[in-house]
Amino acid sequence: MILVNLKAYPCDPVEIAEACATVADDTGARVAVAPQAAHLSAVADTGVETWAQHVSPVEHGSHTGSTLAEAVADAGATGTLINHSENRLKLADIDASLAAAGRAGLETVVCANNPAQSGAAAALGPDAVAVEPPELIGGDVSVATADPAIVEDSVAAVEAVDADVDLFCGAGVSTGEDVTAAGELGATGVLLASGVAKADDPEAVLRDLVSGL
Ligand SMILES: O=C(CO)COP(=O)(O)O
């Protein structure tokens with residue numbers, strides 16, 4: 001799977017979503033987009049698989065400023081990131097956000113910095129854990145090249161806790177070669193942002209990324 005996190009980059013979320021949908025349709029590859037919460041409906045309307053960047057550890061109620069899991073599902077999201085490196089949560093809140101996502105029927109990827117956190121995240125029962133070394137996020141060198149051991153060790157840590165949880169990796173992923181390298185280390189998906197969100201031609205980048213699956 002290729003999961004494109006648009007963060008808060010100044011890109012056109014619908015243009016990128018349309019490119020992802022086209023590439024997914026043409027190739028049969030699984031490509032999803034995680035835009036800003038306010039753009040979820042517009043992105044979902046393109047037909048692309050749509051993910052939230054975060055859901056709050058809350059239920060319906062007096063939670064001003066929260067991102068309610070049920071609301072992102074209503075807007076068309078079918079999955080959510082939780083605990084991204086740029087939006088870290090306490091352990092209890094990761095657990096409660098997973099519960100919220102579960103109530104709303106959302107697939108879940110919990111992000112982690114390192115193998116120990118990957119194992120701990122797996123213990124909470126997400127669909128997948130995504131290991132992203134913070135120092136490599138937004139850089140030019142892929143995690144699979146710069147620090148292959150962190151991916152292999154995270155695969156092992158997750159497998160030891162719950163073999164049903166997938167391991168994704170991210171940080172610096174921008175080419176098909178990076179995707180292939182991640183797969184060779186045992187990752188079943190990649191999480192990336194700047195390689196697509198900052199690209200002059202996102203569709204060309206996506207076609208290259210998908211070629212590495
Ligand atoms: O944080 C990331 C995806 O969630 C990785 O970002 P980059 O692909 O820009 O390194």
Side-chain angles (χ1 to χ4, degrees), residues 1-13 16-17 19-20 23 29-37 39-40 43 48-55 67 72 77-89 94 97 101 106-114 117-118 121 126-148 150-151 154 166-183 185 187-213:
M1 177 183 191
I2 294 183
L3 180 45
V4 180
N5 174 11
L6 300 184
K7 304 192 176 187
Y9 282 129
C11 57
D12 181 336
I16 291 178
C20 290
V23 172
R30 187 175 179 195
V31 183
V33 183
Q36 284 285 302
H39 297 149
L40 283 168
V43 163
V48 79
E49 182 175 335
T50 304
W51 281 51
Q53 296 180 7
H54 165 78
V55 293
T67 304
V72 308
T78 56
T80 187
L81 301 176
I82 292 172
N83 194 47
H84 190 275
S85 182
E86 293 148 11
N87 196 354
R88 284 283 183 230
L89 302 178
I94 299 171
S97 288
L106 299 170
E107 204 171 323
T108 51
V109 171
V110 173
C111 299
N113 282 4
N114 55 42
Q117 289 183 20
S118 296
D127 293 296
V129 171
V131 65
E132 296 195 304
E135 66 277 13
L136 298 177
I137 289 178
D140 294 333
V141 183
S142 155
V143 58
T145 304
D147 197 349
I150 209 169
V151 180
S154 291
D166 286 325
L167 189 283
F168 294 1
C169 67
V173 174
S174 64
T175 67
E177 277 181 24
D178 297 339
V179 173
T180 299
L185 296 171
T188 55
V190 293
L191 179 57
L192 75 152
S194 51
V196 169
K198 292 184 173 177
D200 292 334
D201 184 350
E203 185 173 325
V205 174
L206 286 158
R207 286 195 188 279
D208 183 33
L209 287 163
V210 161
S211 73
L213 282 172

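As the structure is a prediction and not an experimental result, all values here were calculated from the model. Read the numbers this way: they start at 1 and go in the same order the structure lists the ligands and their atoms.
Near Leu191, meaning under 4.0 Å from one of its heavy atoms, ligand 1 places the atoms 3 (C), 4 (O). Against a heavy-atom cut-off of under 4.0 Å, Gly138 is close to the following atoms of ligand 1: 7 (P), 9 (O), 10 (O). Listed by atom number, the atoms of ligand 1 under 4.0 Å from Asn5 heavy atoms are 3 (C), 4 (O).
By the 4.5 Å heavy-atom criterion applied to side chains, Val173 and Leu209 are counted as neighbours. In this structure, Asn5 and Gln53 have side chains that are in contact, with non-hydrogen atoms separated by less than 4.5 Å. Within the 4.5 Å cutoff, the side chain of Val4 has heavy atoms near those of the Leu206 side chain. Contact of the Leu191 side chain with the Leu81 side chain is registered, since non-hydrogen atoms from C-beta on lie closer than 4.5 Å. Within the 4.5 Å cutoff, the side chain of Phe168 has heavy atoms near those of the Thr188 side chain.
Remark: minimum distance from atom 9 (O) of ligand 1 to any protein heavy atom is reached at Ser194 OG, 2.4 Å. Nearest protein neighbour of atom 5 (C) of ligand 1, counting heavy atoms only, is Glu132 OE2, 3.3 Å. Among protein heavy atoms, the minimum distance from atom 6 (O) of ligand 1 is reached at Lys7 NZ, 3.3 Å. Nearest protein heavy-atom contact of atom 4 (O) of ligand 1 is His84 NE2, 2.7 Å. The protein heavy atom nearest to atom 8 (O) of ligand 1 is Ala193 N, 2.8 Å.
Look at Gly195 and you'll find every heavy atom at least 4.0 Å from all atoms of ligand 1.
Between Leu106 and Gly79, the shortest heavy-atom distance links the atoms CD2-N, 3.7 Å.
Backbone and side-chain nitrogen or oxygen atoms of Gly172 are examined, and one is located within less than 3.5 angstrom of a nitrogen or oxygen of ligand 1.
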Show which side-chain atoms of residues 130-140 pair as donor or acceptor with protein atoms under 3.5 Å away, not counting sequence neighbours.
| unit_1 | atom_1 | unit_2 | atom_2 | d |
| --- | --- | --- | --- | --- |
| Glu132 | OE1 | His84 | NE2 | 3.1 |

